[in-house]
Amino acid sequence: MGCSGEEEKRDRELIGFGTATPTSRRYSLELSSLPQTDVSREYMLMLPRQPKIDPKSSAPLSSSDEWIEPLAVLVFTLVLAADASMFAINPIFQDAPIPLVHALSDRLVDKTFKDGEVILQDGEVFQTGKSFVYFIVKGEVEIWKEGNFIMLLQQGEKFGELAALRKLPFRQATAKAKGAVACRADMGAANADADAALSRTLDGASLKALVPNAGPLNCRGKWTLVLEQALDRIEAGDKTLDPHVVHQTEEFVTIHDGYPKAAVHLLVLPRARVAALEKLTREHLPMLMRLSSYVAWLLQQVEGRPGVPGVGWIHGVHSVPSLKQLHVHVMTLDLNSPCMKNAKHFSSFLPPFLVSLDSVIRALQDGVFADRSLKKLEEDMKKRSLCCHRCGADFGRGFAQLKRPAHTWREDSGTDISRTAQAFECLRHVARTFLAFAEDVRAGR
DNA sequence: GTTCTAGAAC
DNA sequence: GTTCTAGAAC
């Protein structure tokens, strides 16, 4: 990130962390090291070097709470601190399930610009896969329209999103750096070029209906080997598997999950046999990149299809899977179905138990893959509080309560919304939850 | 992956 | 009484 770890330390002082949820506000602020285990609901409180007090806030702040309001930065283990502060500052990030926060933070990249440099040009053709939304980490950005200065944007603010979110063909204004500017930018798909190339070779029409789900595969041998067996049978031309297969390419096969944990729940299998995550080596990298692109293509295709609730999608691999053969889960974010029966089911589809394919690829590239403590993750999963991924409510280990209808997804967002727009929309929830928490701390509740 | 069950925990 | 956990069998 443009704002490196070192710079981040200089900018903010870590003063502690707590855990907060709307229903149980356990936010004792103990001085402590960064919590590495929980990515979902740990809030890190950081003190900005120069606290800014919101002028609109009428309540006078005592010296002891001055740090609360402007400060508090919500950090997930996988969300970089700069992203987290950006999410907290920016009002568009108000309604976010955790998985999509990760997805977005994952794909943000650093961009820096020199004084006077034109970042976006009014009327420029908007191209998917090129940078389309920027968040200012450092510096200021001028917005110009038809020769007139419109406004000056500052740290934490965003620009460039109009064309993307409204699906406009052209940029709507010119953005120019005032002084040195550092941004975090969403470039769209991480492998935009590969994705585009893949899109040209794949045919969406060959994708079969997403509902109904064909149910469990019948398995003659050990259940843990069912996926490998399915690949064997598909490759042997076994027609009885046809209802289970949603799409296939030379390299990958997409099938229904036999016990869907969401309205739509697919598994993407590479035909190359990879027994488990820990069997991956750098030699698999090219295949994994193509797999990532294929999943991106699939996500484009499935959006808005019949039977798909407009709640967004998540995708990734289980850090501790039960079945052999590498498989990528691609599913709707309702996380609700008759097969969703216990705490493990639920937790396993939220970070850190669901790992993005991109992070697997990065780990392989960085060579840190072997350090993963899978056993510890499994233990954590058994103890962790169940927090609704939609409203954030904490149900402890009460799975039955979590699954009550009132806490399942409402299908109230359109299906015509782009994945990125959806991620943004969802991020608002995080900011709201966080700000409510900060408000409570400030009020001494 | 599931199902079933006994026993612990609430 | 109900709900959750953990282990065995599939």
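Every chain is numbered from 1, with letters handed out A, B, ... down the list of sequences.
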Residue pair R273(A), E235(A): steps toward the salt bridge (Lys or Arg N to Asp or Glu O under 4.0 Å) verdict
CA-CA 12 Å; R273(A) 306 302 199 263; E235(A) 287 170 359; 3.3 Å; yes
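- Near DNA chain B, defined here as any heavy-atom distance below 4.0 Å, the residues from residues 260-268 of chain A are K261(A), listed numerically.
- In this structure S337(A) satisfies the side chain to side chain donor-acceptor pair (under 3.5 Å) test with no other residue, sequence neighbours excluded.
- For residues 210-229 of chain A, the pairs satisfying side-chain hydrogen bond (donor to acceptor under 3.5 Å, both in side chains) are N218(A)-R233(A), with sequence neighbours left out.
- R404(A) has its side chain within reach of F395(A): a pair of non-hydrogen atoms, C-beta onward, lies under 4.5 Å apart.
- Annotation: side chain to side chain donor-acceptor pair (under 3.5 Å) contacts of E379(A) (sequence neighbours excluded): none.
- Judged as a side-chain hydrogen bond (donor to acceptor under 3.5 Å, both in side chains), the pairs with a partner in residues 249-263 of chain A (not counting sequence neighbours) are, in order, E251(A)-R290(A), T254(A)-Y294(A), D257(A)-H265(A).
- The ring of H345(A) has its center no closer than 6.0 angstrom to the ring center of F399(A).
- In this structure, K341(A) reaches the sugar-phosphate backbone alone: every heavy-atom distance under 4.0 Å involves primed, P, OP1 or OP2 atoms, never a base.
- Within 4.0 Å of G398(A), counting heavy atoms only, lie sugar-phosphate atoms of the nucleic acid but no base atom.
- For DNA chain B, the outermost nucleotides in 5' to 3' order that have an atom under 4.0 Å from a heavy atom of chain A are dG1(B) to dT3(B).
- For the pair V328(A)/L267(A), no side-chain contact is recorded, criterion being any heavy-atom separation below 4.5 Å from C-beta on.
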